[in-house]
Structure formats: structure tokens, C-alpha cells
Amino acid sequence: MTIDEQIAYLKKGLAELIREEELRERLTQSAKTGVPLRIKAGFDPTAPDLHLGHTVLLRKMKHFQDLGHTVIFLIGDNTGLIGDPTGRNTTRPPMTPEEIDKNAETYKTQVFKILDPVKTEVRFNSEWLAPMQFIDIVTLCSKYTVARLLERDDFAKRFKEGIPISLHELLYPLGQAYDSVALKCDVEMGGTDQKFNLLVGREIQRDFGQPPQIVATTPLLQGTDGVEKMSKSKGNYIGITERPKVMFRKVMGISDDLMWRYYELLTDKSLSEVAELRGRQEPMAAKQALARIIVADFHSGEAADQAQADFDREVREGQVPSDIETITLPNGVGNSLPKILLAAGLADSRTDAERKVKAGAVEINGDRHASLTIALPPGQHVFRLGKKWKRIQV
RNA sequence: GGACAGGUGGGUGAGCGGUUAAAGCCAACAGACUGUAAAUCUGUCCCUCCUUGCGAGGUACGAAGGUUCGAAUCCUUCCCUGUCCA
């Protein structure tokens with residue numbers, strides 16, 4: 001590929017690239033010397049469960065690898081103690097080396113579904129942050145001003161609204177910036193919400209006599225609710241290790257509008273292909289195709305077939321799922337339906353169970369059951385409460 | 001160190017002595033509708049118990065005490081947060 005083609009390839013699907021000319025220079029330089037560029041992205045050590053939102057970034061990092069460059073998967077085991085200030089944060093207790101190792105392993109098995117292990121370095125920022133002395137930290141702090149830190153959107157907002165900002169939170173961008181110095185990064189990537197932190201990296205690198213890194217941001221993927229960005233804590237995520245069936249169903253649950261965004265950010269389909277698909281006016285078919293692609297990416301084609309078959313049968317035809325759990329009732333629940341539902345894990349509490357029954361949400365062996373007592377003859381019974389199914393052995 | 005303001009259910013946010021398990025909104029859950037969805041409409045949304053009733057108890061409004069027949073609402077102390085002044 002020519003340099004122009006490389007840039008076009010890398011730019012596709014990026015939210016922002018700062019600055020393109022610098023990237024061009026480095027790509028040219030790299031081609032000349034044969035030294036690969038170093039592409040960094042940082043991840044929080046506490047949440048090693050990746051979801052599709054993370055894969056937007058990972059897919060883009062993979063593109064750099066495709067061109068022969070090195071990706072540094074940085075686990076922020078030290079900055080993670082602060083927690084990127086997205087809200088009310090306190091310092092988290094330090095993680096033990098065992099926990100960190102365990103999380104790192106989990107990360108590896110997940111990210112290598114996308115990244116090429118041969119062209120990936122997994123690093124921890126405790127490597128250089130932990131040995132820093134107070135004086136080192138003060139020196140680092142001296143390189144940036146409070147006013148500039150407060151320019152960051154969420155800081156500015158919180159400051160203005162009188163929401164607490166703890167001093168240590170201000171240090172987070174500096175720590176992250178120093179990571180780039182320590183790793184001599186050529187490019188740092190992150191979601192658009194990371195733009196500020198990534199830019200601080202440029203300035204700090206300059207202060208340390210390094211050429212400033214190129215900043216590449218990827219768009220944030222909306223969660224399944226279509227409103228907020230995908231995040232585990234919001235419960236609107238699709239995890240990349242989720243079972244094919246669950247994954248398929250979650251994809252089917254997104255709105256038709258959101259589906260096109262997912263096509264754009266989560267598949268290799270070109271924009272014209274997506275537009276063509278959209279023009280066909282067959283949202284149902286398009287969404288199933290999307291769900292198949294995603295399941296196949298993280299599992300296999302066969303798993304995708306199976307997931308689709310399950311979906312057709314269970315959701316579209318409303319039949320009993322193939323994989324429901326069988327529960328044997330403990331003694332003493334008698335014929336109280338709420339107690340049975342609680343014992344089966346279909347309700348959170350007896351009060352909750354009672355409400356659900358009264359609301360007509362309970363189906364037993366295919367028939368709605370709205371009374372609070374039931375005599376179950378010995379044998380197996382299929383219970384359904386909303387989307388949850390259980391087989392109960394009496 | 002001083003002067004103010006504030007801490008309510010998953011989130012917002014009303015209530016400022018009693019019809020308040022605590023408005024409204026959002027989220028969530030269930031039902032209807034549907035091509036999966038979305039949207040819309042309806043209902044629910046602390047727990048326990050039973051004689052399942054617009055039932056009876058128990059918890060709950062930062063924490064602990066106190067005043068009251070009665071407190072999320074008043075008082076005291078403590079904890080936490082913000083603003084202004086030094």
C-alpha cells in the first residue's frame with residue numbers, strides 16, 4: 001500500500017485524527033527504516049470484561065497491526081487505582097499482584113480474539129509509575145497547570161456545578177500522559193471521551209523531549225438502549241464472551257436505527273454496502289444478518305447458525321428455550337406460588353413474586369396462572385416469568 | 001480558622017411535625033400491540049407473614065442521640081460535600 005492508501009485505511013471509522021500530517025511523516029519514516037510504529041491504548045485493570053464498545057477501538061488497533069505496526073495493550077494497574085474521573089470516585093484499594101495477573105490473563109484471552117498476539121505488547125503502567133518518588137511526581141505536576149486540567153469537559157462541568165473534584169483525580173491525565181513518555185508512543189488511541197487525556201500526552205512528551213504522539217480517537221458505541229454509551233455499569237452492553245445465543249438476542253434487541261451504526265462500527269462492511277442494505281427496507285433480515293456477523297466474529301459460524309435457529313424458534317415462535325435450567329424444589333414450599341417462584345430464582349423476593357403473579361406474568365406449562373396457589377403434580381413443569389424460563393422438578 | 005448552604009428510594013428530585021412507604025420524571029420489570037425491536041398504551045416498582053385484604057407487621061429519608069401522642073420534617077453531636085472570607 002502507498003502511504004496515502006495506508007492513511008485512508010487507518011482513517012476509516014476514526015472519529016478524529018490529530019494530526020494527519022504527523023501520521024504521514026511517521027508512516028513514511030517507518031517504511032523507510034523498517035521500524036514499526038508504537039500504538040498504545042490503555043485499559044482499566046478492574047474491568048477485564050470487554051464488550052462491543054471496546055472492540056470498536058480494538059478493531060482499529062488491529063488495522064495498525066495489519067500494516068505491520070506494534071500495538072501496546074497497556075493495563076493501567078497503577079492509574080486504575082485512581083479511576084478515571086467519570087463521576088464520584090474515591091481511590092480504590094490497590095489490587096494484589098495475583099488479581100492483576102488474573103485480570104491480565106482474562107484480558108489477553110479476550111483481546112486476542114481481535115488483535116494479533118505476535119504484534120502486541122501487553123504492559124502494566126506500575127512498571128514505571130510505582131517506582132516514582134514524590135519529587136518525580138512533583139516534577140511531573142510542574143509541567144502542567146491547573147487551569148489547563150480544568151479545561152477538560154467533565155472537570156469544567158463539575159467545577160462549575162459545585163460537584164466535588166478530588167485532587168488525585170486531576171493527576172489521572174498526567175499519569176496517563178507519562179505512560180506515553182515511558183513507552184515512547186507514536187500513536188495513542190482511545191474513545192472520543194479520552195481526547196483530553198490523549199492530548200495531555202502530546203504536551204508532556206514534548207516536555208520530555210519526545211516528538212508528540214499522534215492522537216486517534218474512535219467513536220463511542222451506543223449501548224443496547226441506544227441512548228448512553230455502552231458500559232457494563234449501565235447494563236446496556238454486549239460482552240464479547242457472552243454465549244452466542246445471548247449475544248444474538250441482545251443484538252436483535254437494539255433499535256432499527258442503532259443497527260446501522262453497529263454495522264458501521266462493528267463490521268467490515270463498507271459504507272456503500274451498508275447503505276445498500278439499508279435501502280432494501282428489510283430491517284428484520286438486516287438485523288439478523290448483523291447478529292450473525294457479530295456472533296461469528298467472537299464464536300463461530302456454526303454458533304451463529306445455532307443462535308439464529310434458537311432465536312427463530314424461541315422468540316419468534318415463542319417456544320420453550322432449548323437450554324433452560326431445571327430446579328428441584330426444596331421441601332416446605334408447599335403450594336404457594338410465590339414461594340415456588342422465589343425458590344426457582346424467578347423472582348427477587350416473595351413480595352416481588354406475588355406482584356408478578358398478580359400482573360399475569362406467570363405461565364406454567366404454557367398456561368397463564370394468576371392465582372397465588374398451585375398444586376403441582378409430580379413431574380416436570382415449565383415455568384415462564386416474562387423472559388425467564390425454568391423447568392421445575394417436583 | 002470563620003460565615004453560609006446542603007446530604008431523601010437504582011438515578012434525578014419534591015416534601016420541611018400527622019391522610020407520607022415518601023409526589024413527578026428517568027431507568028427497571030411485567031402485560032397489550034408488533035417483523036426482532038423501537039414507539040405507544042396499561043400495570044408494577046422495600047421486605048416479611050397470612051385468613052390474598054385496597055390486610056397485618058417490620059424496616060427506610062448521611063450517623064448517633066433527644067424533644068413530641070406522633071419526625072424525612074424540630075433540637076444536639078458527629079461524619080461528608082459545596083460556596084464565600086482568611
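Below, chain A is the first sequence line, B the second, and so on; all start at residue 1.
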Counting just side-chain N and O atoms, does [X] come under 4.0 Å of either OP1 or OP2 of [N]?
X	N	answer
A:Arg355	B:C47	yes
A:Arg350	B:C50	yes
A:Thr351	B:C46	no
A:Arg292	B:U36	no

Between [atom2] of [N] and [atom1] of [X], the distance in whole Å:
X	N	atom1	atom2	value
A:Asp348	B:G10	CG	P	13 Å
A:Leu342	B:C49	CG	C1'	14 Å
A:Leu258	B:A38	CG	C1'	11 Å
A:Asp225	B:A28	CG	P	7 Å
A:Met252	B:G35	CE	P	13 Å
A:Leu385	B:G31	CG	P	8 Å
A:Leu346	B:A30	CG	P	11 Å
A:Lys245	B:U36	NZ	C1'	16 Å

Mind checking whether [X] and [Y] have parallel, tilted or perpendicular rings, split at 30° and 60°?
X	Y	result
A:Phe248	A:Phe311	tilted
A:Tyr144	A:Phe196	perpendicular
A:Phe208	A:Tyr178	perpendicular

Any strand counts, and the cut-off is 3.5 Å on both contacts for Watson-Crick or G-U wobble. Which nucleotide pairs with [N]?
N	result
B:C74	B:G66
B:G1	B:C85
B:A30	B:U42
B:G57	B:C47

Among [options], which is the nearest nucleotide to the side chain of [X]?
X	options	answer
A:Ser349	B:U36, B:U48, B:U52	B:U48
A:Arg368	B:A32, B:A30, B:G35	B:A32
A:Pro283	B:G31, B:U48, B:G35	B:G35
A:Asp352	B:U36, B:G31, B:C47	B:C47
A:Lys287	B:G35, B:U48, B:U36	B:U36

Considering heavy-atom distances to RNA chain B, does A:Met284 or A:Lys358 have its closest nucleotide positioned more toward the 5' end?
A:Met284
Pairwise 5' ranking along RNA chain B for A:Ala361 and A:Asp257, keeping only the more 5' one
A:Ala361
Between [M] and [N] - [atom1] atom distance, rounded Å:
N	M	atom1	value
B:U8	B:U73	C1'	11 Å
B:C47	B:A60	C1'	11 Å
B:G57	B:C50	P	16 Å
B:A72	B:G18	P	11 Å
B:C25	B:C33	C1'	25 Å
B:C26	B:U48	P	28 Å
B:U40	B:G55	C1'	35 Å
B:C79	B:A23	P	33 Å

Please determine whether a side-chain nitrogen of the Lys or Arg among A:Glu354 and A:Arg350 lies less than 4.0 Å from a carboxylate oxygen of the Asp or Glu.
no
Say whether [X] and [Y], considering side chains only, have a donor N or O and an acceptor N or O under 3.5 Å apart.
X	Y	answer
A:Glu273	A:Ser270	yes
A:Asp77	A:Ser126	yes
A:Gln213	A:Ser180	yes

Applying side-chain hydrogen bond (donor to acceptor under 3.5 Å, both in side chains), run through A:Thr120 and A:Gln65 and close with a yes or a no.
CA-CA 8 Å; A:Thr120 306; A:Gln65 290 186 327; 2.7 Å; yes
Classify the nucleic acid contact of [X] as base, sugar-phosphate or nothing, counting any heavy atom under 4.0 Å across all strands shown.
X	answer
A:Leu372	base
A:Lys387	sugar-phosphate
A:Glu354	base

